[in-house]
Asks: 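The structure's right below; bear with me while I get my questions together.
In each ligand, atom 1 is the first atom listed, and ligand 1 is the first ligand listed. Quick caveat, the model's predicted, so the values are computed rather than measured.
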Amino acid sequence: MNKKIFSGVQPTGNLHLGNYLGAIQNFVKLGKDQNNECIYCVVDLHAITVKQDPKLLTENIRETVATFVASGIDPKKNIIFNQSKVAAHAEAAWIFSCVARMGWLNRMTQFKEKAGKDKEKASVGLYSYPILMAADILLYDATHVPVGDDQKQHLELSRDIAQKFNNDFNKENFFKVPEPLIQKEFSRIMSLRDGTKKMSKSEISDLSRINLTDNKDMIISKIKKAKTDPLPLPPNLDELENRPEAKNLLGIYSSLKNINLDQAVNEFSGKNFSDFKEKLIEVLVDKLEPISKEINKLMSDKNYLNEILNNGYEKADNIASKKVTKLKEIIGFY
Ligand code: AMP
Ligand code: TRP
């Protein structure tokens, strides 16, 4: 079966190893398969659910495109565009906010985490964020959505919206019910400073993450400083439990090498962290140095990045505007 793939990344800066291993690496793989039609969106409307500096936002939109391309997504074969250019996303999001139920949104754990203690001060957009995400996906009839583990709940909401709309309006297959594509192992890369917390763009300490723009020296220094525990590396998977930092670093290694976690555990069984870190640095530098160099190169070619976004806009708008027109007809708008 031909797959229609849609995914999005927020242009909020500091794209990191977690974004790469959890999402972008999979975008590249899916994009290379001739049977897939892939659409990758820079979700700038989602970015403004928290305060953004306008100049920095523009820069981060470009940097996200540069990261997609530098990681190996071919802009000729796949559609790359930014969300705010295609008006249908905002239109469909409004309509879906009349389909989704308060109770569904109240269950979203990401809102609770992001809004923190003072929910009264969070933007309304941060709360309704998953509804906009449903609009992104459903407008393109996406069948599969590659994301990191943290987006699973949002994807379930998209599925619920599609099903409720189809039922309410008696249109069985108008919206496709999308499937998540989540890596089986290491769908959640953890912070280098605390193996129980997700690696995140917004964490204050830059030492907590490897940014995709980090150069070789930065990668070496961050891995050397990465938190460990006092024991040598364990001989089996069972003994890796309750050792979050060891598990995370071995997980990163295995994902980069495309091997299973137990193969990585076998390779380093009984070794010290310092020996293992040397190897980890080697594979990280091998994988990331060419990407960060390419991002830098692309960032100096504004015209090329603009051209990618303009071409992507035309193709995406063509699909989404047709779907939203049909959607309005079904609702009865005149
Ligand atoms: P965001 O930066 O929130 O726009 O996320 C872009 C993509 O990266 C989404 O598919 C996320 O699920 C994924 N992602 C973000 N952080 C991590 C992480 N620490 N581990 C794995 N995947 C992640
Ligand atoms: N919410 C996603 C994230 O933070 C980004 C996103 C927006 C997305 N729209 C999407 C992902 C549609 C997949 C499909 O990571």
Asks: State whether Lys227 and Glu245 are salt-bridged, where the test is any N-O pair (Lys NZ or Arg NE/NH1/NH2 against Asp/Glu carboxylate O) under 4.0 Å.
Replies: yes

Asks: Could you list the atoms of ligand 1 found under 4.0 angstrom from a heavy atom of Ala23?
Replies: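 Listed by number with element: 7 (C), 8 (O), 10 (O).
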
Asks: What do you reckon, does Leu15 have a nitrogen or oxygen under 3.5 Å from a nitrogen or oxygen of ligand 1?
Replies: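 No, no N or O pair falls under 3.5 Å.
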
Asks: Is Met199 close to ligand 1, meaning an N/O of one under 3.5 Å from an N/O of the other?
Replies: yes

Asks: What residue and atom, counting heavy atoms only, is the protein's closest point to atom 21 (C) of ligand 1, and at what distance?
Replies: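 Going by distance alone, atom 21 (C) of ligand 1 is nearest to Ser187 O, 3.1 Å.
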
Asks: Using distance alone, determine whether Asn19 and ligand 1 share an N or O pair under 3.5 Å.
Replies: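 Yes; at least one N/O pair falls below 3.5 Å.
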
Asks: Just jot down the ligand 1 atoms closer than 4.0 angstrom to any heavy atom of Gly22, in number order.
Replies: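 Checking each atom against Gly22, I get 21 (C), 22 (N).
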
Asks: Hydrophobic clustering (ILVMFWY, side-chain heavy atoms < 4.5 Å, transitive) - are Val42 and Leu56 grouped together?
Replies: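 As far as the 4.5 Å side-chain criterion goes, Val42 and Leu56 are not connected within one cluster.
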
Asks: Less than 4.0 Å between a side-chain N and a carboxylate O, is that true for Glu241 and Lys247?
Replies: yes

Asks: Between Gly148 and ligand 1, is there a nitrogen or oxygen pair with a distance under 3.5 Å?
Replies: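 Gly148 vs ligand 1: N/O contact under 3.5 Å present.
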
Asks: What distance separates Asn14 CG from Leu212 CG, expressed to the nearest 0.5 Å?
Replies: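 Answer rounded to 0.5 Å: 10.0 Å.
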
Asks: Is the distance between the ring centroids of Tyr140 and His89 under 6.0 Å?
Replies: yes

Asks: Between Phe276 and Phe268, does the ring centre distance come in under 6.0 Å?
Replies: yes

Asks: How about Tyr129 and His154: are their ring centres within less than 6.0 Å of each other?
Replies: yes

Asks: Tell me: protein heavy atom nearest atom 4 (O) of ligand 2, and distance?
Replies: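 The closest heavy atom on the protein side is Tyr129 OH, 2.7 Å.
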
Asks: Please determine if Glu203 and Lys198 form a salt bridge, counting it only when a charged side-chain N lies under 4.0 Å from a carboxylate O.
Replies: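 No, no charged N to carboxylate O under 4.0 Å.
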
Asks: At less than 4.0 angstrom from any non-hydrogen atom of Ile137, what atoms of ligand 2 do you find?
Replies: 12 (C), 14 (C)

Asks: Linking I/L/V/M/F/W/Y whenever their side-chain heavy atoms sit closer than 4.5 Å, directly or via other members, would Phe81 and Leu45 fall into one cluster?
Replies: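 Hydrophobic grouping puts Phe81 apart from Leu45.
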
Asks: Considering non-hydrogen atoms of the protein only, which is the closest contact for atom 20 (N) of ligand 1, and what is the distance?
Replies: Ile189 N, 2.8 Å

Asks: To which of Lys201, Gln10, His16 does the heavy atom nearest atom 2 (O) of ligand 1 belong?
Replies: Lys201

Asks: For atom 23 (C) of ligand 1, which protein heavy atom lies nearest, and how many Å away is it?
Replies: Gly18 O, 3.5 Å

Asks: In terms of residue, atom name and distance, what is the protein heavy atom nearest to atom 2 (C) of ligand 2?
Replies: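 So the nearest neighbour among protein heavy atoms is Gln151 OE1, 3.4 Å.
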
Asks: Around atom 11 (C) of ligand 2, find the nearest protein heavy atom and jot down its residue, atom name and distance.
Replies: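 In this structure, atom 11 (C) of ligand 2 has Gly8 N, 3.4 Å as its nearest protein heavy atom.
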
Asks: Take atom NZ in Lys29; do more than 12 heavy atoms of anything else shown fall under 6.0 Å from it?
Replies: no

Asks: Check ligand 1 against Arg188 and write out every atom of the ligand that is under 4.0 Å from a heavy-atom position of the residue.
Replies: 20 (N), 21 (C)

Asks: Please could you name the atoms of ligand 1 that Gln151 approaches to less than 4.0 Å, counting only its heavy atoms?
Replies: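 Those of ligand 1 that fall under 4.0 Å from Gln151 are 12 (O).
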
Asks: In the protein, what heavy atom is nearest to atom 9 (N) of ligand 2, and what distance, to one decimal place, separates them?
Replies: Asp136 OD2, 2.6 Å

Asks: Can you check whether Val147 has an N/O within less than 3.5 Å of an N/O in ligand 1?
Replies: no

Asks: If I apply the N/O under 3.5 Å rule, does His154 come out as touching ligand 2?
Replies: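 No: no nitrogen or oxygen of His154 is under 3.5 Å from one in ligand 2.
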
Asks: Students should be able to answer this: which protein heavy-atom is nearest to atom 11 (C) of ligand 1, and at what distance?
Replies: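 Going by distance alone, atom 11 (C) of ligand 1 is nearest to Asp150 OD1, 3.4 Å.
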
Asks: Please, which pairs that meet side-chain hydrogen bond (donor to acceptor under 3.5 Å, both in side chains) have at least one residue in residues 255-275, sequence neighbours excluded?
Replies: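 Sorted result for residues 255-275: Tyr253-Glu267.
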
Asks: Using a strict cut-off of 4.0 Å, indicate which atoms of ligand 1 neighbour a heavy atom of Lys198.
Replies: 19 (N)

Asks: Identify, for atom 10 (C) of ligand 2, the protein heavy atom at the shortest distance, and state residue, atom and that distance.
Replies: Met133 CG, 3.5 Å

Asks: Hey, which atoms in ligand 2 end up nearer than 4.0 Å to a heavy atom of Gln10?
Replies: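 What qualifies from ligand 2 is 4 (O).
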
Asks: Does a donor on one side chain and an acceptor on the other come within less than 3.5 Å for Lys302 and Asn306?
Replies: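 There is no such pair between these side chains.
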
Asks: Hey, does the Lys NZ or Arg CZ of Lys32 hover above the aromatic six-ring of Phe27, less than 6.0 Å from the centre and inside 45° of the axis?
Replies: no

Asks: Pairing donors with acceptors under 3.5 angstrom, does anything connect the side chains of Asn26 and Tyr20?
Replies: no

Asks: Taking only heavy atoms of Val147, which atoms of ligand 2 are found under 4.0 Å from at least one of them?
Replies: 11 (C), 13 (C)

Asks: Enumerate the atoms of ligand 2 whose separation from the nearest heavy atom of His46 is less than 4.0 angstrom.
Replies: 7 (C), 9 (N)

Asks: Only one of Asp160, Asn167, Asn166, Asp168 passes side chain to side chain donor-acceptor pair (under 3.5 Å) with Lys164; say which it is.
Replies: Asp168

Asks: When you look for heavy atoms under 4.0 Å from ligand 2, do you find them on the side chain of Asp150, its backbone, both, or neither?
Replies: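 No part of Asp150 is near ligand 2 at this cut-off.
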
Asks: Hey, which atoms in ligand 2 end up nearer than 4.0 Å to a heavy atom of Val145?
Replies: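 Those qualifying, in numeric order: 13 (C), 14 (C).
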
Asks: Surrounding NZ of Lys225 (heavy atoms of other residues, nucleotides or ligands, distance under 6.0 Å), is the total greater than 12?
Replies: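 Atom NZ in Lys225 is not packed in, count stays at 12 or less.
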
Asks: What atoms of ligand 2 come closer than 4.0 angstrom to any heavy atom of Phe6?
Replies: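 Here the atoms of ligand 2 in question are 12 (C), 14 (C).
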
Asks: Output yes when a side-chain donor or acceptor of Arg243 lies under 3.5 Å from a complementary backbone atom of Thr228, and no otherwise.
Replies: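 Such a contact is absent between Arg243 side chain and Thr228 backbone.
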
Asks: Any N or O on Asp149 sitting closer than 3.5 Å to an N or O of ligand 1?
Replies: no

Asks: For ligand 1, which atoms, with element, lie under 4.0 Å from some heavy atom of Val9?
Replies: 4 (O), 6 (C)

